[in-house]
Engineer: 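Can you read through this structure? Questions will come right after.
On a predicted model such as this, the values are computed, not experimentally measured, just so you know.
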Amino acid sequence: RGELVELCNPVGREAGYEGLRFVRGLIGATEPPPTDILIALHACDTATDDALYKGVRAGASVIITAPCCHKELRPQIEAPAVLGGVLRHGILLEGEAETLTDSLRALLLEAAGYRVKVFEFISTEHTRKNTMIAGVRAEAKTDADAALRQFRELKEFYGVHELRLEKLLCEI
């Protein structure tokens with residue numbers, strides 16, 4: 001958003017962060033240089049996947065995202081028989097799709113060599129969209145195989161065919 005860029009760039013300079021800059025644009029169309037920290041707040045739908053991918057690709061030491069809407073997986077989910085009574089309710093299916101989407105993202109970040117935490121970062125009285133996915137590039141080798149195994153098992157369990165982040169990371 002242009003107005004935020006205009007607001008934040010002078011604040012960064014005044015705070016003494018000459019190398020910090022905010023830019024307006026779509027994350028998918030952006031090619032960041034080698035990056036220490038990538039932050040994407042309320043990146044809607046697959047823009048979160050684009051941000052995570054760009055962070056991994058740029059070699060970011062820290063990637064922080066706050067996903068907003070989760071539309072990609074909901075139509076793909078085939079309710080496993082044991083969850084049929086739960087996921088037949090739209091609002092519960094929506095919540096499950098959000099949880100599943102962010103769980104799969106976290107597993108893919110782990111497979112890419114990051115230690116990942118998923119947590120609430122703001123009180124639910126302010127917003128319902130308060131999940132944060134934070135990844136810190138691991139110093140030691142992570143168990144990528146275990147993360148990928150869990151990723152595949154979850155996709156199979158829910159009948160998910162495609163997640164944008166998976167497709168993007170295959171390009172690296």
Side-chain angles (χ1 to χ4, degrees), residues 1 4-5 8 12 17 19-77 94-122 127-172:
R1 292 182 19 206
L4 289 177
V5 170
C8 293
Y17 295 102
L20 177 66
R21 72 188 167 101
F22 296 85
V23 295
R24 181 178 181 261
L26 300 173
I27 188 71
T30 303
E31 284 303 323
T35 300
D36 292 325
I37 299 172
L38 184 129
I39 301 171
L41 301 178
H42 296 284
C44 281
D45 199 20
T46 59
T48 296
D49 298 297
D50 292 337
L52 292 169
Y53 166 70
K54 295 293 181 163
V56 170
R57 186 169 169 192
S61 299
V62 177
I63 301 172
I64 300 170
T65 61
C68 185
C69 37
H70 301 71
K71 296 177 184 173
E72 182 184 27
L73 292 193
R74 184 176 177 175
Q76 295 183 53
I77 292 177
E94 181 179 333
E96 191 78 3
E98 290 179 6
T99 298
L100 178 61
T101 300
D102 292 336
S103 297
L104 292 173
R105 288 169 170 158
L107 287 166
L108 286 174
L109 266 184
E110 287 176 9
Y114 287 81
R115 288 188 329 262
V116 180
K117 290 189 178 195
V118 180
F119 56 94
E120 290 182 350
F121 69 100
I122 191 167
T127 180
R128 189 175 80 76
K129 304 290 185 182
N130 66 352
T131 300
M132 181 165 284
I133 302 171
V136 176
R137 197 173 48 222
E139 299 276 332
K141 186 170 171 36
T142 61
D143 193 349
D145 291 337
L148 286 174
R149 187 171 40 258
Q150 288 178 352
F151 174 83
R152 287 187 199 105
E153 288 170 357
L154 279 172
K155 274 182 61 181
E156 183 179 334
F157 182 74
Y158 284 97
V160 170
H161 307 289
E162 184 176 301
L163 180 71
R164 180 165 173 79
L165 181 59
E166 177 184 24
K167 182 180 175 186
L168 291 169
L169 288 174
C170 286
E171 296 175 6
I172 293 180

Engineer: What are the two closest heavy atoms between Ala60 and Arg137, and how far apart are they?
Structural biologist: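 Taking every non-hydrogen atom into account, O-NH1, 3.5 Å.
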Engineer: Considering non-hydrogen atoms only, spot the tightest contact between Leu20 and Gly12 and give its length.
Structural biologist: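 Taking Leu20 first and Gly12 second, the nearest heavy atoms are CD2-CA, 4.4 Å.
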Engineer: Please check: side-chain N/O of Thr35 versus main-chain N/O of Pro33, any donor-acceptor pairing under 3.5 Å?
Structural biologist: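 Judged by distance alone, yes, a pair lies under 3.5 Å.
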Engineer: Any idea which heavy atoms bring Leu163 and Phe151 closest together, and the distance?
Structural biologist: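 Where Leu163 meets Phe151 most closely, the heavy atoms are CD2-CE1, 3.9 Å.
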Engineer: So does Glu31 pair up with Lys54, basic N to acidic O under 4.0 Å?
Structural biologist: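 Looking at Glu31 and Lys54, the cut-off is met.
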Engineer: Please tell me if the side chains of Glu156 and Arg152 come closer than 4.5 Å, counting only heavy atoms from C-beta onward.
Structural biologist: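 No, too far: nothing below the 4.5 Å cut-off.
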Engineer: If you round to the nearest 0.5 Å, how far is CG of Asp45 from SG of Cys68?
Structural biologist: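 Answer rounded to 0.5 Å: 9.5 Å.
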Engineer: Report yes if some heavy atom in the side chain of Leu154 is under 4.5 Å from a heavy atom in the side chain of Leu107; otherwise report no.
Structural biologist: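 Touching, per the 4.5 Å side-chain cut-off.
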Engineer: Hey, does Ile77 have a side-chain heavy atom less than 4.5 Å from the side chain of Leu100?
Structural biologist: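 A side-chain contact exists here, since the closest heavy-atom pair is under 4.5 Å.
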Engineer: With heavy-atom distances below 4.5 Å as the criterion, would you say the side chains of Val56 and Tyr114 are in contact?
Structural biologist: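 They are in contact (side-chain heavy atoms under 4.5 Å apart), so the answer is yes.
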Engineer: For Tyr17, I'd like to know if atom OH has over 12 heavy atoms of other residues, nucleotides or ligands within 6.0 Å.
Structural biologist: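 It does not: Tyr17 OH has 12 such atoms or fewer within range.
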Engineer: Would you find a donor on one side and an acceptor on the other, under 3.5 Å apart, between the side chain of Thr48 and the backbone of Cys44?
Structural biologist: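 No: the side chain of Thr48 does not pair with the backbone of Cys44.
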Engineer: Check the pair Leu38 / Ile64 against side-chain contact (heavy atoms from CB on, under 4.5 Å), numbers first and verdict last.
Structural biologist: CA-CA 6 Å; Leu38 184 129; Ile64 300 170; over 6 Å; no
Engineer: Side-chain contact, heavy-atom cut-off 4.5 Å: Phe22 with Leu4?
Structural biologist: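 No - every pair of side-chain heavy atoms lies 4.5 Å or more apart.
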Engineer: OH/Tyr53 to OG1/Thr46 distance, rounded to the nearest 0.5 angstrom?
Structural biologist: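 One finds 14.0 Å between OH of Tyr53 and OG1 of Thr46.
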Engineer: When you look at Lys155 and Glu166, which way does the salt bridge (Lys or Arg N to Asp or Glu O under 4.0 Å) test go after all the steps?
Structural biologist: CA-CA 11 Å; Lys155 274 182 61 181; Glu166 177 184 24; 2.7 Å; yes
Engineer: Donor-acceptor check, side chain of Gln76 to backbone of Glu162, threshold 3.5 angstrom: yes or no?
Structural biologist: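 Flag set: sc Gln76 to bb Glu162 pair under 3.5 Å.
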Engineer: Applying the salt bridge (charged side-chain N to carboxylate O under 4.0 Å, His left out) criterion to Asp49, which one of Lys167, Arg105, Lys71 satisfies it?
Structural biologist: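 Of the listed residues Lys167, Arg105, Lys71, the salt bridge (charged side-chain N to carboxylate O under 4.0 Å, His left out) partner of Asp49 is Arg105.
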Engineer: Just by distance, do the side chain of Glu72 and the backbone of Arg164 share a donor-acceptor pair under 3.5 Å?
Structural biologist: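 The answer is yes, because a donor-acceptor pair under 3.5 Å joins these two groups.
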Engineer: So, Asp102 side chain and Pro67 main chain: donor-acceptor pair closer than 3.5 Å or not?
Structural biologist: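 The answer is no, because no donor-acceptor pair under 3.5 Å joins these two groups.
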Engineer: What's the separation between atom CD1 in Ile63 and atom CD1 in Ile133, rounded to the nearest 0.5 Å?
Structural biologist: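 So the CD1 of Ile63 and the CD1 of Ile133 are separated by 10.5 Å.
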Engineer: Less than 4.5 Å apart, any side-chain heavy atom of Leu109 and any of Leu52?
Structural biologist: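 Yes; the side chains approach each other to less than 4.5 Å.
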Engineer: With a 4.5 Å heavy-atom cut-off, do Thr30 and Pro32 have their side chains touching?
Structural biologist: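 When only atoms from C-beta onward are counted, Pro32 and Thr30 do touch, with a gap below 4.5 Å.
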Engineer: Arg74 and salt bridge (charged side-chain N to carboxylate O under 4.0 Å, His left out): which partner among Glu94, Glu98, Glu96?
Structural biologist: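 Only match with Arg74 under salt bridge (charged side-chain N to carboxylate O under 4.0 Å, His left out): Glu94.
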